[in-house]
Amino acid sequence: MERLKDSPNNQSKMSEENPVKFGKRNRNISQSSSSSGSNNLSSSANLLKDQCYSLEVPEGGFPKNESFVSEDYLSDSSEGDDDSSRGTWDNPIEFLLSCLSFAVGLGNIWRFPYLCYRNGGGAFLIPYVISLIFMGLPVFLFEMGAGQFSSEGPIGVWKICPLFQGIGYAMCCLSLYIGTYYNIILSWAFFYIFSSFTTNLPWASCGNWWNTEACRRFDSKNCTSLGGIMANEDDCVFAKDVTIDVWRKLNETATNAKMPSDEFFHFFMLDISKGIHDIGSIRWELAGCLLIAWIIVYCALWKGIKSFGKLVYFTALFPYAILVILLIRAATLPGYMDGINFYLTPKWEKLLEINVWADACIQIFFSLGVTWGGMVTLASYNKFKNNVFRDAVMVAIGNCCTSFFAGFVIFGIIGFMAHELGVKVEDVAAQGAGLAFIAYPEAVSRMPISPLWSILFFLMLLSLGFGTQFSTTETVITVILDRFPQFRGKNRRWCTLAVCGCMFLAGLSMITEGGMYILQLVDNHSATYSALILGCTEISVMAWIYGVDQFLEDLKFMLGYYPYPRIYWKWAWKVVAPTIVVLILICTWKDYSGNTYGDYNYPIWANYAGWVITFSSVIWIPIVAIFKISQEEGPIMDRIKKLIKPSPDWGPASPRHKQFEGTRNYDAKFKGLKRDVEGSNMTLITNASQSAIINGDIKEHNISQLEPLKEAFEDDPSSDEEGLNMRVIIEDKNKDTTVTSSDETKNTVPTSKK
């Protein structure tokens with residue numbers, strides 16, 4: 001900071017007082033002695049020159065870097081770029097892989113291929129890509145951009161509009177629900193892996209103690225092609241060989257027949273009960289697998305993103321290696337091309353059905369994991385200048401390409417299974433848990449070296465699942481740490497342990513004999529309707545209350561340019577994306593007919609319980625809004641108007657990013673110079689730690705407060721500087737003189753002492 005030299009040649013009389021300007025770039029205070037040349041007054045002026053515009057000087061001087069405008073604030077270096085207490089990614093690759101690992105989950109493997117074949121094969125890709133462009137990407141970029149801009153988690157990021165901070169609490173609830181039941185599925189994968197360490201897979205035959213009379217191996221290709229029915233694993237029966245009654249009974253048995261992999265899943269691993277009313281006891285084998293899963297999650301997260309950031313190299317890349325291996329193996333099996341043709345053959349007439357477009361939008365929405373809070377959390381640990389626009393586009397496209405690529409693996413193997421059974425591909429295709437834990441294991445059991453392929457497949461499911469589970473659990477932990485910063489650092493391990501422990505205990509209800517019904521209920525309601533409501537709300541608040549143009553300015557400050565094309569993002573956020581999400585919500589609500597699992601229909605009370613789960617997260621939006629309004633003062637409308645404006649501390653975490661070139665257009669949205677008040681009561685000081693203050697030098701004088709005047713950069717068009725107009729007045733106890741600093745006159749002015 002420059003200092004104006006004090007010299008006798010610069011001393012002259014003033015006829016009036018001129019306030020000094022304190023700008024961002026030049027806060028110069030000129031100190032001069034009075035015309036009388038008093039030694040005491042000169043000493044005071046020199047003191048003020050050394051200390052610039054200090055108001056009160058503690059003994060020993062000011063501590064280093066505790067000034068309003070510190071060296072870190074003005075520095076262009078990257079040090080202090082982010083909130084170091086929260087931590088940041090070691091490099092941008094870790095963030096990119098963590099986002100990809102979070103977005104690419106089990107749904108890419110067990111849901112997209114099924115939707116593709118059900119909704120017109122290759123024709124389904126058209127609504128799928130359109131949904132990505134006009135709905136998925138805009139929501140995705142908003143969450144990533146807001147998280148990185150503010151370095152805040154799902155709750156803190158809603159300083160953008162405090163009235164709707166309940167959205168953040170709702171996101172935390174979603175992550176809590178999803179993280180609880182997601183690890184249940186991973187415990188199943190562990191159970192299958194442990195069961196695969198044998199020469200013959202336990203679901204390869206019907207000769208086990210848990211099998212029923214309905215179990216059929218279905219090695220029936222030749223029998224079926226000749227019009228016969230398999231009476232058991234070895235006998236093929238034809239209508240001409242039995243009576244009409246026996247033939248009818250065989251047909252009924254064949255209709256209700258179950259594959260051995262189906263009975264292994266339901267009757268051995270789950271030991272499933274008759275319904276949700278019959279919870280039964282805990283399956284302790286699954287409890288052990290669930291404990292292993294949570295131990296892995298804890299070990300991955302107890303050090304925060306420093307440990308998590310290294311694991312994503314495995315969870316993000318390993319699934320692709322396994323998919324390539326399985327694809328090569330599937331391509332060598334008979335029936336592979338039948339499955340691929342069924343997967344890709346377009347049925348253009350399907351594009352005229354509204355359900356096809358609804359399925360595409362829903363798949364994009366849930367595949368990207370928006371509204372869960374995970375993407376906001378991951379982006380909040382970014383460097384401020386990271387190219388979040390590039391990352392959002394890359395992750396979204398990578399997620400969709402993974403879904404498409406996985407279809408070649410899944411349907412190639414399903415084609416092989418249909419070939420082995422002598423049935424059509426559509427008779428074998430399945431989705432969800434039925435595909436991952438029934439259809440695929442059945443196909444694997446028919447391959448040479450079947451245990452190897454079984455282990456590889458379920459290892460792939462584990463790596464996909466943990467990638468999502470890590471981010472989901474980290475979201476819950478981040479919310480707690482942002483709310484209670486004292487748990488950061490060494491205490492983080494205990495916070496992580498408490499979160500993992502509570503979610504483990506909550507998950508025990510889902511590994512009981514009736515746990516499958518609970519899991520399906522939570523899955524259907526925890527992140528379906530509530531996620532859609534949150535998605536519509538968060539985009540609308542950003543676009544219409546905070547302002548889409550303002551958010552684009554925020555992105556420009558981080559990126560150095562507007563996301564291209566700007567007009568597309570503007571109208572996608574304002575109109576297109578919210579409209580699509582509302583339509584999805586309406587279509588989903590319209591198709592609701594109660595919860596089912598297989599042939600079991602949930603009782604009415606269970607359906608009501610599902611809606612309680614749905615609104616248990618959404619209800620936080622009005623609850624938090626009412627609470628915040630009640631904490632304010634004044635008329636209701638004034639309170640609301642205040643709360644829909646960004647919080648004063650909304651903005652970048654780093655002090656040097658608090659104000660930027662667009663500050664003139666901001667209405668007190670950052671902790672900088674506020675423009676909605678006359679003057680200022682802020683204390684402007686510099687780093688004076690290097691100066692030794694001798695109290696004796698100023699014992700004859702009083703240093704008064706800065707006299708706040710109207711801010712000049714609003715009213716003084718001739719000024720090139722931004723800041724406050726102030727004047728520093730030094731009163732001499734012994735003389736009726738006052739020293740007034742001014743960058744224009746550089747003089748002292750005699751005044752009458754009051």
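Predicted model, so just to flag it, every value in this text is computed and none were measured.
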Exercise. Would you list the pairs meeting side chain to side chain donor-acceptor pair (under 3.5 Å) in which at least one residue belongs to residues 497-507, sequence neighbours left out?
Key: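 Pairs touching residues 497-507 that pass the test: none.
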Pairwise side-chain contact, [X] with [Y], heavy-atom cut-off 4.5 Å (strictly under):
| X | Y | answer |
| --- | --- | --- |
| Asp482 | Phe487 | no |
| Tyr182 | Leu106 | yes |
| Ile167 | Met171 | yes |
| Ile621 | Leu534 | yes |
| Phe384 | Ser151 | no |
| Ser530 | Ile533 | no |

Donor-acceptor contacts under 3.5 Å from residues 490-506 side chains, at least two apart:
residue : atom : partner : partner atom : Å
Asn491  : ND2  : Gln486  : O            : 3.0
Arg492  : NE   : Leu301  : O            : 3.0
Arg492  : NH2  : Leu301  : O            : 3.0
Arg492  : NH2  : Glu474  : OE1          : 2.6
Arg492  : NH2  : Glu474  : OE2          : 3.2
Arg493  : NE   : Lys490  : O            : 3.4
Thr496  : OG1  : Arg492  : O            : 3.0

Practice problem: Show the numbers, then the answer: is there a side-chain hydrogen bond (donor to acceptor under 3.5 Å, both in side chains) between Thr315 and Ser101? | Solution: CA-CA 6 Å; Thr315 59; Ser101 183; 3.1 Å; yes
Ring centres under 6.0 angstrom apart ([X], [Y]):
| X | Y | value |
| --- | --- | --- |
| Trp569 | Phe389 | yes |
| Phe615 | Tyr529 | no |
| Phe142 | Phe551 | yes |
| Tyr592 | Trp611 | yes |

Quiz item: Only one of Ile362, Ile584, Ile586 clears side chain to side chain contact (heavy atoms under 4.5 Å, CB included) with Leu532; which?
Solution: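 The single option meeting the side chain to side chain contact (heavy atoms under 4.5 Å, CB included) with Leu532 is Ile584.
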Only distances under 3.5 Å count here; give the side-chain donor-acceptor pairs of residues 366-373 to other protein atoms, sequence neighbours excluded, each with its distance to 0.1 Å.
residue : atom : partner : partner atom : Å
Ser367  : OG   : Asn399  : OD1          : 3.1
Ser367  : OG   : Asn399  : ND2          : 2.8

For [X], all residues meeting side-chain contact (heavy atoms from CB on, under 4.5 Å), sequence neighbours excluded:
| X | result |
| --- | --- |
| Asp523 | Tyr181 |
| Val479 | Pro154, Ile155, Cys172 |
| Ile613 | Tyr177, Val522, His525, Ser526 |

Just list the side-chain donor-acceptor pairs under 3.5 Å for residues 557-565, sequence neighbours left out, or say none.
residue : atom : partner : partner atom : Å
Tyr561  : OH   : Asn387  : OD1          : 3.4
Tyr561  : OH   : Asn387  : ND2          : 3.3
Tyr562  : OH   : Glu553  : OE2          : 2.5

Quiz item: Is it true that Glu633 and Arg639 make a salt bridge, defined as a side-chain N closer than 4.0 Å to a carboxylate O?
Solution: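 Looking at Arg639 together with Glu633, the answer is no, because their closest N to O distance does not fall below 4.0 Å.
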Donor-acceptor pairs under 3.5 Å, side chain of residues 571-579 to any protein atom, not counting sequence neighbours: which ones?
residue : atom : partner : partner atom : Å
Trp573  : NE1  : Pro138  : O            : 2.7
Thr579  : OG1  : Val575  : O            : 2.6

Self-check item: Sidechain-backbone polar pair: Gln165 side chain, Trp158 backbone, donor-acceptor under 3.5 Å
Solution: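 A pair under 3.5 Å: no.
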Quiz prompt | Set of salt bridge (Lys or Arg N to Asp or Glu O under 4.0 Å) partners for Arg566, sequence neighbours left out | solution =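 Arg566: salt bridge (Lys or Arg N to Asp or Glu O under 4.0 Å) contacts with Asp549.
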Quiz item: Given Leu378 and Ser471, is the side-chain contact (heavy atoms from CB on, under 4.5 Å) satisfied, shown in steps?
Solution: CA-CA 7 Å; Leu378 296 177; Ser471 301; 3.7 Å; yes
Quiz item: Could you give all pairs that pass the ring-ring contact (aromatic ring centres under 6.0 Å, His included) test and reach residues 630-649, with sequence neighbours left out?
Solution: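 Those involving residues 630-649 do not exist here.
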Self-check item: Partners meeting ring pair (Phe, Tyr, Trp, His ring centres under 6.0 Å) with Phe466 (sequence neighbours left out)
Solution: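 Residues passing ring pair (Phe, Tyr, Trp, His ring centres under 6.0 Å) with Phe466: Phe470.
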Self-check item: Pairing residues for Tyr169 by the ring pair (Phe, Tyr, Trp, His ring centres under 6.0 Å) criterion, not counting sequence neighbours
Solution: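 Expected list: Trp620.
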Quiz item: If you count the non-hydrogen atoms of other residues, nucleotides and ligands that lie under 6.0 Å from CZ in Arg390, is the total more than 12?
Solution: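 Atom CZ in Arg390 is packed in, count exceeds 12.
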Quiz item: For residues Gln469 and Thr473, is any side-chain donor paired with an opposing acceptor at under 3.5 Å?
Solution: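 Checked: Gln469/Thr473 side chains pair up, N/O donor to acceptor below 3.5 Å.
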Quiz item: So, for Val476 and Leu176, which heavy atoms are closest and what is the spacing to 0.1 Å?
Solution: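 Heavy-atom minimum between the residues: CG2-N, 4.0 Å.
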